[in-house]
Amino acid sequence: MMMVMQPEGLGVREGPFAGGGGGGEYMEQEEDWDRDLLLDPAWEKQQRKTFTAWCNSHLRKAGTQIENIEEDFRNGLKLMLLLEVISGERLPRPDKGKMRFHKIANVNKALDFIASKGVKLVSIGAEEIVDGNLKMTLGMIWTIILRFATSAKEGLLLWCQRKTAPYRNVNVQNFHTSWKDGLALCALIHRHRPDLIDYAKLRKDDPIGNLNTAFEVAEKYLDIPRMLDAEDIVNTPKPDEKAIMTYVSCFYHAFAGAEQAETAANRICKVLAVNQENEKLMEEYEKLASELLEWIRRTIPWLENRVGEPSMSAMQRKLEDFRDYRRLHKPPRVQEKCQLEINFNTLQTKLRLSHRPAFMPSEGKLVSDIANAWRGLEQVEKGYEDWLLSEIRRLQRLQHLAEKFQQKASLHETWTRGKEDMLSQRDYESASLQEVRALLRRHEAFESDLAAHQDRVEHIAALAQELNELDYHDAASVNSRCQAICDQWDNLGTLTQKRRDALERMEKLLETIDQLQLEFARRAAPFNNWLDGAVEDLQDVWLVHSVEETQSLLTAHDQFKATLPEADRERGAILGIQGEIQKICQTYGLRPSSTNPYINLTPQDINAKWDMVRKLVPSRDQTLQEELARQQVNERLRRQFAAQANAVGPWIQAKVEEVGRLAAGMAGSLEEQMAGLRQQEQNIINYKSNIDRLEGDHQLLQESLVFDNKHTVYSMEHIRVGWEQLLTSIARTINEVENQVLTRDAKGLSQEQLNEFRASFNHFDRKRNGMMEPDDFRACLISMGYDLGEVEFARIMTMVDPNAAGVVTFQAFIDFMTRETAETDTAEQVVASFKILAGDKNYITPEELRRELPAEQAEYCIRRMAPYKGSGAPAGALDYVAFSSALYGESDL
């Protein structure tokens, strides 16, 4: 049994136009070779005649032919000659002897050459060919036809289906029964040479007449030898597929060709219109780039100005100006930058498609220059915003510290008022012993009070130092007041020590003291200090940023209120001491002293301060509750912003990914793709109201001086950047589809051609991975009507696979088909077109231009063409050769 393997790497699947079998059944057909021939001898007869005629059609080129296919190939000489003719390559020198081993050696050289082309030969040996085995000889010739003539059965079948699709009574589904009535062969001839056959007069019920008509016309006018007999085909239930396929492949090679270009005047109009449109786009780009760069140049110095303001209101005005810049002035410029990039890409695409030199903007106006300037602007803008917020926080902190300094300084100055005069008194000189001792105890109480105030003085100095470190605008007055307080404090310390020394000297002369007054002073002084501290704490100012911090203050205040009952008991005990003094005086008839010798604090003073504390407690309650309410409002603002940001942020991110997926996997016509993208763009524009609402919530937060938000990871800056990225992404994707439309229109391709290219690529994309292997690509080209030899196919592969990756991508396939099928124009073609208009002269006159071209294009040429400098030309003659070269960048226009 003999079996012929297909070339390695040629995988063929059943396509959309295939019939019941399909090209993928080569293996099964060849395995059935013996059985088919034994069952139907008519097939052997058809193959013998068809294969003999096919071989002779090639051997004639070498000046020879064969008569008996199984006898004439036995010595291997004509077999090697046949392979050299159809491959265009030289085989090894044949053996000239007539012995059997010489013949076997020659046949083996031919079989080795076939195997070198990637064809596996199974069960075909040189001995069978030398012995004249008809079955093996026919199998070998069919293998050669498959490799060097048809290449791919499915591609040839698809080509036949496309060419005969418009014809009535023709339905090509295979290479046997679909050709029995002869109409398919006549349709192929009429499709390419309608002058040779009147297809309307053919009848389906006259198959022999139809077949003979096709055979005679092909032999007479197309140089295709008669390889088949009409009677054999009609009388055989299933004609031999290999014979039919071999004969049909001859029509395929005979009809491959291309169409001519358009007329000269239309070509020139198209070239000039493209040139004018490109110049307009260049001017628009230069103007838009200059305006955008000038705006960036003016804006950056304003953003680089980091001179702070002394007041919070002035800094808030700066912040409002910056918000206006971000909300009103910058967005139009973002659109201009995006439009500039789109215009530049569109212009470069049009120049490339029309074979013009790439556009080089003026110095400093490249897209990269604008991108660098824009990045510089955004860096300065980010730094300016950070500086603004930092400066506002600094002023906020300074204002709080300044108020605290003034409050504590005022309290201290109130406390020290008269203390220096009191310490300078010499009242002890005329006092009694009891009075001296009272003065001494009083002085001890003062020292205790003085020591208690040491922390307050240090706190005042610390506040002044912090204000200086934070560059407070009125630091001079703060320093002056702080220095006065420190100087006074030092003086008080000196006076206190001097008075103690004097009282201790007098104490030695005095013996008695009123213990109760001393006890009163000892307990009243710290209690009074506690009262002063309580009043100070209740009047203290604070700065909080959250509900939690406010709750912490409320908790501390509640803890303070819990100590009031104990303090009230202490107050009662102190007042009880004074009551005991009065009781003793009344009991013993003593004249009570109007003052306590140890302390000038009276029960009335303690009661007055106690009343003040009780009055300040509810006031403090109310102030803290108001602050809690304000912080709760701020928290609601945070949550309100976060709720929207957590919805807007993921939406923007999802849209960016969706646009990316659309760009990577578009389907349908370019107009349908553009409509889909435009709908996406409109959906994005409609979503702008959500961004505006979020901007409003963000502005409320900043007006409330709220700068943090733990409820969301999205800041307004993140949303703005994402929104700008989404707008840029959809605009760029739309621009890419527009450029594809430009490619289609510029090359004169129809939507049907593009769809056909896509359908052909998908059909031969065996692995559905967007790539074709070389053998699949060969079959695809055959289905598209290309006549491919080995050298031509190798040349095409270097174009579509320059890196020798072994695959052909869809983009490379589209680029190749666009170059092969679309109309192009070159400088030489334009020169030839002008020469036609000029009547074969080397110059052209303005009158000829105005007569042959539309008015606008004619005047454009007259303005730009240089005078013709050759001899024998009339006045006003123009040089169209130099003008045509300048259009394609080969000289200066």
Side-chain angles (χ1 to χ4, degrees), residues 15-19 23 50 54 57 149-228 230 233 239 241 243-261 748-757 759-760 763 779-788 817 820-823:
F17 304 107
T50 302
W54 182 85
S57 70
T150 63
S151 296
K153 173 185 175 181
E154 187 180 15
L156 182 62
L157 182 63
L158 188 60
W159 178 79
C160 294
Q161 289 172 335
R162 285 178 174 167
K163 295 302 181 182
T164 61
Y167 291 86
R168 59 182 175 82
N169 296 326
V170 177
N171 183 17
V172 177
Q173 296 295 325
N174 50 54
F175 284 109
H176 37 80
T177 57
S178 295
W179 304 85
K180 289 187 64 174
D181 58 8
L183 291 178
L185 286 172
C186 292
L188 278 180
I189 297 173
H190 184 268
R191 178 65 181 270
H192 297 90
R193 291 290 304 274
D195 57 309
L196 299 180
I197 290 180
D198 188 354
Y199 188 85
K201 294 182 178 180
L202 300 178
R203 303 195 319 275
K204 187 174 180 63
D205 58 357
D206 185 20
I208 293 179
N210 296 337
L211 289 168
N212 285 327
T213 298
F215 295 158
E216 292 168 1
V217 169
E219 186 173 29
K220 183 177 181 181
Y221 296 101
L222 303 179
D223 197 26
I224 298 175
R226 189 183 188 104
M227 301 181 182
L228 302 169
I233 295 175
E241 184 181 59
I244 298 294
M245 187 174 172
T246 302
Y247 187 66
V248 171
S249 69
C250 294
F251 286 86
Y252 171 83
H253 292 289
F255 289 138
E259 297 180 352
Q260 295 184 348
L749 300 178
S750 66
Q751 186 64 47
E752 289 74 20
Q753 284 177 300
L754 291 177
N755 292 341
E756 181 180 355
F757 294 162
S760 297
H763 180 73
C780 182
L781 290 181
I782 291 172
S783 73
M784 300 296 292
Y786 282 80
D787 184 13
L788 299 177
M817 295 308 299
E820 291 296 309
T821 61
E823 178 186 345

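Please read all numbers here as calculations on a predicted model, not as lab measurements.
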Assert yes or no for the condition that the ring centre distance of H190 to Y167 is strictly below 6.0 Å.
-> yes
Residue pair D198 / K201, side-chain heavy-atom distance below 4.5 Å | yes
Value rounded to 0.5 Å, distance of CZ in R193 from CZ in F255 = 8.0 Å
List the atom of C250, the atom of W54, and the distance in Å for their closest heavy-atom pair.
-> SG-CD1, 4.2 Å
For side chain to side chain contact (heavy atoms under 4.5 Å, CB included), just list the numbers for I244 and I233, CA-CA rounded to whole Å, side-chain angles, deciding distance to a tenth of an Å, and then say yes or no.
-> CA-CA 9 Å; I244 298 294; I233 295 175; 4.1 Å; yes
Side-chain heavy atoms of T164 within contact of W159, under 4.5 Å | no
Donor on one side chain, acceptor on other, N212 and R226, under 3.5 Å = yes
Gap between atom CD1 of I197 and atom SG of C186 - 0.5 Å precision | 4.5 Å
Hey, are the side chains of E219 and I224 touching, using non-hydrogen atoms and a 4.5 Å cut-off?
-> no
Using modelled atom types only, decide if a donor and an acceptor are shared between the side chain of T50 and the backbone of M227 within a distance under 3.5 Å.
-> yes
The reported gap from CG in N169 to CZ in R203 (rounded to nearest 0.5 angstrom) is 12.5 Å
Less than 4.5 Å apart, any side-chain heavy atom of L185 and any of F251?
-> yes
Should the heavy atoms of other residues, nucleotides or ligands under 6.0 Å from CG of D223 be counted, would the total exceed 12?
-> no
Closest non-hydrogen atom pair, V172 against A184 | CG2-CB, 4.0 Å
Where A214 and I189 come nearest, the two heavy atoms and their spacing | O-CD1, 3.8 Å
About how many Å separate CG of D206 and CG of L183, when rounded to the nearest 0.5 Å?
-> 9.5 Å
Within residues 165-184 or reaching into it, pairs that qualify as salt bridge (Lys or Arg N to Asp or Glu O under 4.0 Å) - sequence neighbours excluded = D181-K204
Could you tell me how the ring of F175 sits relative to the ring of W179: parallel (under 30°), tilted (30 to 60°) or perpendicular (over 60°)?
-> parallel
Looking only at atom types and distance, does a side-chain atom of N174 sit under 3.5 Å from a main-chain N or O of S178, one as donor and one as acceptor?
-> yes
Specify the closest pair of heavy atoms between T177 and P239, including all atoms of both residues, with the distance to one decimal.
-> N-CD, 4.3 Å
Which value, rounded to the nearest 0.5 Å, describes the distance between L222 atom CG and H192 atom NE2?
-> 10.5 Å
Sequence neighbours excluded, the answer for side chain to side chain contact (heavy atoms under 4.5 Å, CB included) partners of N171 is Q173
Could you pull out all residues at least two apart from K220 that satisfy salt bridge (Lys or Arg N to Asp or Glu O under 4.0 Å)?
-> none
Identify the two heavy atoms, one from S783 and one from L158, that lie closest to each other, and give their separation to 0.1 Å.
-> CB-CD2, 3.5 Å
